[in-house]
Amino acid sequence: MLTGFKNFIMKGNVVDLAVAVVIGAAFGAVVTALVQSVLMPFIAALVGSPNFDSFAVVTLNGNDIKFGVLLTAIVNFLLVAAAIYFVIIVPMNHMIERRNRRLGIQQDVKEEAAEDPQIALLTEIRDALRQDRRS
């Protein structure tokens, strides 16, 4: 029983996933610092307040409905997504392109997909099914 558990834990996927979770948690602190220390103060300089919690508060039967809290969460989400995209994804894509050019790797997904016989067969099946539906 313990041998099976040990084999499961020692599989590459489980270890890779554990490492990814730890690195993701550590990277989360970097993204949070970027958003809280750089982007939100920049927004505060432009708009006057990085916190929209008091914006669009509606009182209904003595209860406050705070649309501004939702707006703050949406802005924070968009800032985190933009920070990840522009700080991580774009530079990583440029590095991959540079490396591929240096190594002479031409990788065209459409050509690669067209050369794969399984994809060609699946495309033929899809087209035949479409034509059967039309008939």
Side-chain angles (χ1 to χ4, degrees):
M1 188 160 89
L2 290 177
T3 305
F5 180 72
K6 177 185 169 195
N7 291 339
F8 171 73
I9 292 298
M10 296 309 291
K11 282 185 180 179
N13 294 343
V14 175
V15 174
D16 291 344
L17 181 61
V19 169
V21 167
V22 170
I23 289 175
F27 184 69
V30 173
V31 172
T32 300
L34 174 67
V35 170
Q36 296 298 327
S37 301
V38 178
L39 297 177
M40 291 306 273
F42 180 71
I43 289 176
L46 294 176
V47 186
S49 173
N51 187 340
F52 304 109
D53 289 351
S54 60
F55 177 73
V57 176
V58 177
T59 302
L60 185 64
N61 292 333
N63 296 314
D64 288 340
I65 301 171
K66 300 178 181 180
F67 292 106
V69 174
L70 176 64
L71 182 61
T72 299
I74 291 171
V75 168
N76 285 342
F77 169 76
L78 291 175
L79 287 174
V80 169
I84 290 173
Y85 179 75
F86 289 111
V87 173
I88 301 298
I89 303 299
V90 170
M92 183 67 72
N93 287 342
H94 286 299
M95 286 184 350
I96 290 171
E97 286 177 21
R98 247 184 298 151
R99 184 200 64 189
N100 287 347
R101 273 188 305 219
R102 189 177 68 237
L103 296 175
I105 298 172
Q106 296 289 333
Q107 193 169 23
D108 188 10
V109 175
K110 291 180 182 177
E111 288 179 15
E112 191 175 296
E115 294 173 3
D116 189 359
Q118 291 178 342
I119 293 180
L121 178 62
L122 289 172
T123 303
E124 289 177 24
I125 292 170
R126 181 199 64 205
D127 294 341
L129 290 172
R130 281 185 183 165
Q131 193 164 11
D132 285 346
R133 282 189 196 148
R134 291 179 189 158
S135 302

Same cluster (ILVMFWY, side-chain, under 4.5 Å), Ile119 and Ile125: no
Other residues, nucleotides, ligands: >12 heavy atoms within 6.0 Å of Arg126 CZ: yes
Contact check, side chains of Arg98 and Arg102, non-hydrogen atoms, under 4.5 Å: no
Path from Leu34 to Ile74 over hydrophobic side-chain contacts below 4.5 Å: no
In one Ile/Leu/Val/Met/Phe/Trp/Tyr side-chain cluster, 4.5 Å: Phe42, Leu71: yes
Distance, nearest 0.5 Å, that separates CZ of Phe27 from OG1 of Thr32: 9.5 Å
Hphob cluster co-occupancy, Leu70 + Phe77, side-chain heavy atoms under 4.5 angstrom: yes
Heavy-atom closest contact (Ser37 atom, Pro41 atom, distance): O-CG, 3.4 Å
Rounded distance (nearest 0.5 Å) linking atom CG of Asn93 with atom OH of Tyr85: 7.0 Å
Heavy-atom side-chain contact between Arg130 and Asp127 under 4.5 Å: yes
hydrophobic_cluster_shared for Phe86 and Ile89, side chain cutoff 4.5 Å: yes
